[in-house]
J.: 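Take a look at the following structure, please.
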Amino acid sequence: MRILVTGGAGFIGSHLCKRLIENGDEIICLDNLFTGSKENIYPLMDYKNFEFVRHDVTKEYMAEVDQIYHLACPASVPHYQYNPVKTMKTAVVGAVNMLGLAKRIKARILQASTSEVYGNPLVHPQTEEYWGNVNPVGPRSCYDEGKRAAETLFFDYHRQNAVDIKVIRIFNTYGPNMALNDGRVISNFIIQALQNQDITIYGDGLQTRSFQYVDDLIEAMVRMMNSRKEFVGPVNLGNPREFTIRELAEKVIQMTGSPSKIVYRDLPQDDPIQRKPDISLAQRELKWSPKVALDEGLAKTIAYFRNVLHINEPVPGGEDGY
């Protein structure tokens with residue numbers, strides 16, 4: 001099968017490309033490298049069934065493919081707030097361009113939407129039927145509303161033009177290939193801990209998140225793409241086990257053996273207090289549940305960042321005191 005992955009050099013996209021290559025599919029990886037990285041896909045370059053194309057999805061693109069995984073969009077707060085107009089254009093115009101391509105070539109297309117469509121939720125946990133509590137004019141709106149608009153476009157193309165769509169809502173995901181400067185809470189905590197810096201918590205640390213390891217997400221994405229045609233979503237993909245941000249910080253400190261201290265800063269505007277998926281629909285339709293426990297996933301992610309930062313493991317009984 002010939003498959004297009006937009007945002008394919010990003011954190012999630014690079015893992016997806018690797019999985020699809022190993023499946024024997026022919027992959028076109030499309031990325032403008034704004035937040036993606038060639039380092040993420042260097043290991044894939046030697047495969048004959050992998051092709052990288054540097055391209056911005058706000059511009060039209062043509063290819064003959066069977067499936068399109070549409071991931072392209074800055075997804076972390078610092079990145080999508082860096083140029084909010086560009087973020088909104090990427091979410092909306094990018095969706096129009098990829099849906100137009102899917103319509104012309106009769107390809108199935110999957111939209112990587114986000115739990116951010118629920119905003120700061122008033123319902124907990126969040127089900128797919130919940131419409132959300134989103135500020136349309138705040139500093140996070142470019143991403144939240146951009147993704148909501150993209151979902152609207154997907155369903156309108158499906159109803160009006162019979163485009164074969166799939167829509168997933170991704171909850172907090174972590175793992176190797178996360179960018180050093182992406183501002184996500186797990187990468188922030190790990191990098192600060194490995195460099196013996198203070199661990200920065202915004203707010204009182206009692207706000208909760210649910211963290212899924214990237215391998216679990218990729219499995220769900222592939223299952224969703226290849227699910228029965230009538231099941232279009234949206235479907236929540238995340239780990240329903242809930243942790244407070246303070247618990248996460250303490251766990252990262254413990255697992256890295258860091259002397260870092262926790263410090264508290266003001267909570268940013270519109271930062272959600274709770275975020276937890278109801279994954280009943282994914283369990284029923286995709287026969288999927290996350291398998292990787294937080295400790296296991298964190299250990300792999302910490303090892304990845306140790307390598308990237310060139311920081312050795314502390315030696316038991318050595319000068320680090322372990």
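Since we're looking at a predicted model, the values are computed, not measured. Start at 1 with the first residue, then count along the sequence. The figures here come from the full heavy-atom set of this structure, side chains too, leaving out hydrogens, waters and symmetry mates.
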J.: Sub-3.5 Å donor-acceptor pair from the side chain of Asn133 to the main-chain atoms of Pro121, do we have one?
T.: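 Looks like no, no N/O pair under 3.5 Å.
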J.: Just by distance, no angles: are the side chains of Ser258 and Thr256 close enough, under 3.5 Å, to form a donor-acceptor pair?
T.: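 Looking only at side-chain atoms, Thr256 and Ser258 do not form any donor-acceptor pair under 3.5 Å.
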J.: If you round to the nearest 0.5 Å, how far is CG of Leu71 from CG of Leu30?
T.: 11.5 Å
J.: Are Phe34 and Val92 linked, directly or through intermediate hydrophobic residues, by side-chain heavy-atom contacts shorter than 4.5 Å (ILVMFWY only)?
T.: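 No; Phe34 is not reachable from Val92 via cluster members.
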J.: Side-chain polar contacts of residues 210-226 - donor-acceptor pairs under 3.5 angstrom, sequence neighbours left out - could you list them?
T.:
residue : atom : partner : partner atom : Å
Ser210  : OG   : Asn239  : O            : 3.4
Ser210  : OG   : Arg275  : O            : 3.2
Gln212  : NE2  : Thr173  : OG1          : 3.1
Gln212  : NE2  : Leu237  : O            : 3.0
Asp216  : OD1  : Lys291  : N            : 3.0
Asp216  : OD2  : Lys291  : N            : 3.0
Asp216  : OD2  : Val292  : N            : 3.0
Glu219  : OE1  : Arg19   : NH1          : 2.9
Glu219  : OE1  : Arg19   : NH2          : 3.1
Glu219  : OE2  : Arg223  : NE           : 2.6
Glu219  : OE2  : Arg223  : NH2          : 3.2
Arg223  : NH1  : Leu286  : O            : 3.0
Arg223  : NH1  : Lys287  : O            : 2.4
Asn226  : OD1  : Gln67   : NE2          : 3.1
Asn226  : ND2  : Val222  : O            : 2.8

J.: Would you call Lys89 and Asp56 a salt bridge, using N to O less than 4.0 angstrom?
T.: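 Looking at Asp56 together with Lys89, the answer is no, because their closest N to O distance does not fall below 4.0 Å.
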J.: Shortest non-hydrogen contact from Tyr264 to Gly203?
T.: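 Heavy atoms of Tyr264 and Gly203 come nearest at CD2-O, 3.2 Å.
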J.: Hey, what do you get for CD1 (Ile279) to CZ (Arg284), rounding to the nearest 0.5 Å?
T.: 11.5 Å
J.: Could you name each residue pair satisfying salt bridge (Lys or Arg N to Asp or Glu O under 4.0 Å) that touches residues 31-46, not counting sequence neighbours?
T.: none
J.: Within the supplied structure, the quantity of interest is the number of heavy atoms (other residues, nucleotides, ligands) at a distance under 6.0 Å from Asp266 CG; does it exceed 12?
T.: no
J.: Evaluate the criterion side chain to side chain contact (heavy atoms under 4.5 Å, CB included) for residue pair Arg246 and Leu206; output intermediate values, then yes/no.
T.: CA-CA 6 Å; Arg246 186 186 299 171; Leu206 299 181; 4.0 Å; yes
J.: Can you establish whether the number of heavy atoms outside Lys103 located under 6.0 Å from its atom NZ is more than 12?
T.: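 Not buried by this count: 12 neighbours or fewer within 6.0 Å.
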J.: Decide, yes or no, whether a salt bridge links Glu116 with Lys147 under the criterion of side-chain N to carboxylate O below 4.0 Å.
T.: no
J.: Which value, rounded to the nearest 0.5 Å, describes the distance between Ile3 atom CD1 and Asn23 atom CG?
T.: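 Between Ile3 CD1 and Asn23 CG, I get 7.5 Å after rounding to 0.5 Å.
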J.: About how many Å separate CG of Asn188 and OG1 of Thr200, when rounded to the nearest 0.5 Å?
T.: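 Going from the OG1 atom of Thr200 to the CG atom of Asn188 covers 7.5 Å.
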J.: What I want to find out is whether Glu22 reaches Lys18 closely enough, with some N-O distance under 4.0 Å, to be called a salt bridge.
T.: yes
J.: Residues two or more places apart in sequence or in another chain: which of them pass ring-ring contact (aromatic ring centres under 6.0 Å, His included) with Tyr157?
T.: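 Checked Tyr157 against ring-ring contact (aromatic ring centres under 6.0 Å, His included); zero matches.
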J.: Between the side chain of Arg2 and the main-chain N/O of Glu64, is any donor-acceptor distance below 3.5 Å?
T.: yes
J.: Would you find a donor on one side and an acceptor on the other, under 3.5 Å apart, between the side chain of His158 and the backbone of Val163?
T.: yes
J.: Out of curiosity, does Val93 fall in the hydrophobic cluster containing Leu99 (side-chain heavy atoms, cut-off under 4.5 Å, transitive links)?
T.: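 Result: no, two separate clusters.
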J.: Decide whether Ile168 and Phe155 are clustered together by the hydrophobic rule: side chain heavy atoms of Ile, Leu, Val, Met, Phe, Trp, Tyr closer than 4.5 Å, transitively.
T.: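 No, separate clusters.
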J.: Dump the intermediate steps for side chain to side chain contact (heavy atoms under 4.5 Å, CB included) on Phe50 and Met45, then the final yes or no.
T.: CA-CA 6 Å; Phe50 179 79; Met45 292 293 195; 3.9 Å; yes
J.: Does the side chain of Cys73 come within less than 4.5 Å of Thr87's, by heavy atoms?
T.: yes
J.: Would you mind checking if Glu145 and Arg148 are paired as a salt bridge, meaning a charged N to carboxylate O distance below 4.0 Å?
T.: yes
J.: Above 12 or not: heavy atoms from other molecules or residues under 6.0 Å from CZ of Phe231?
T.: yes
J.: Quick check: closest heavy atoms across Ser14 and Ile41, and the distance to 0.1 Å?
T.: CB-CG2, 4.1 Å
J.: Atom OG1 of Thr208 and atom CD1 of Ile245: how far apart are they, to the nearest 0.5 Å?
T.: 8.0 Å
J.: List the atom of Pro136, the atom of Ser141, and the distance in Å for their closest heavy-atom pair.
T.: C-OG, 3.2 Å
J.: Could you pull out all residues at least two apart from His15 that satisfy ring-ring contact (aromatic ring centres under 6.0 Å, His included)?
T.: Phe11
J.: Indicate yes or no for a side-chain donor-acceptor contact from His55 to the backbone of Glu60 under 3.5 Å, with no hydrogens or angles considered.
T.: yes
J.: Between Asp66 (side chain) and Met1 (backbone), is there a donor-acceptor pair under 3.5 Å?
T.: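 Such a contact is absent between Asp66 side chain and Met1 backbone.
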J.: At their closest point, which heavy atom of Cys142 faces which heavy atom of Pro139, and how far apart are they?
T.: SG-O, 4.2 Å
J.: Where do Thr6 and Ala72 come nearest, in terms of heavy atoms and distance?
T.: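 Reported closest heavy-atom pair: OG1-N, 3.1 Å.
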J.: In the hydrophobic clustering that connects Ile, Leu, Val, Met, Phe, Trp and Tyr at side-chain heavy-atom distances below 4.5 Å, which members other than Val117 occupy its cluster, ordered by chain and number?
T.: Tyr118, Leu122, Val123, Tyr130, Phe171
J.: Given the rule in the side chain to side chain contact (heavy atoms under 4.5 Å, CB included) test, do Val53 and Tyr61 qualify, once you have shown the distances and angles that lead to the verdict?
T.: CA-CA 10 Å; Val53 177; Tyr61 178 77; 4.0 Å; yes
J.: Would you say Ile12 ends up clustered with Leu4 if hydrophobic residues are merged whenever their side chains have heavy atoms under 4.5 Å apart, either directly or through other cluster members?
T.: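 No: no chain of side-chain contacts under 4.5 Å links Leu4 to Ile12.
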J.: For the pair Glu247 and Lys251, find out whether any cationic side-chain nitrogen is under 4.0 Å from an anionic carboxylate oxygen.
T.: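 Looking at Glu247 and Lys251, the cut-off is not met.
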J.: For Ala63 and Leu101, work out which heavy atoms get closest and say how close.
T.: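 It is O-CD1, 3.6 Å.
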J.: I need the Lys276 NZ to Asn236 CG distance, nearest 0.5 Å.
T.: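 CG of Asn236 is found 12.5 Å from NZ of Lys276.
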J.: Excluding sequence neighbours, so at least two apart, what forms ring-ring contact (aromatic ring centres under 6.0 Å, His included) with Phe189?
T.: none
J.: Evaluate Leu44 against Phe52 for side chain to side chain contact (heavy atoms under 4.5 Å, CB included), listing each step before the verdict.
T.: CA-CA 9 Å; Leu44 309 180; Phe52 171 68; over 6 Å; no
J.: If we ignore hydrogens and angles and just use 3.5 Å, is the side chain of Asp144 paired with the main-chain N or O of Asn135 as donor and acceptor?
T.: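 Here the side-chain-to-backbone pair does not exist.
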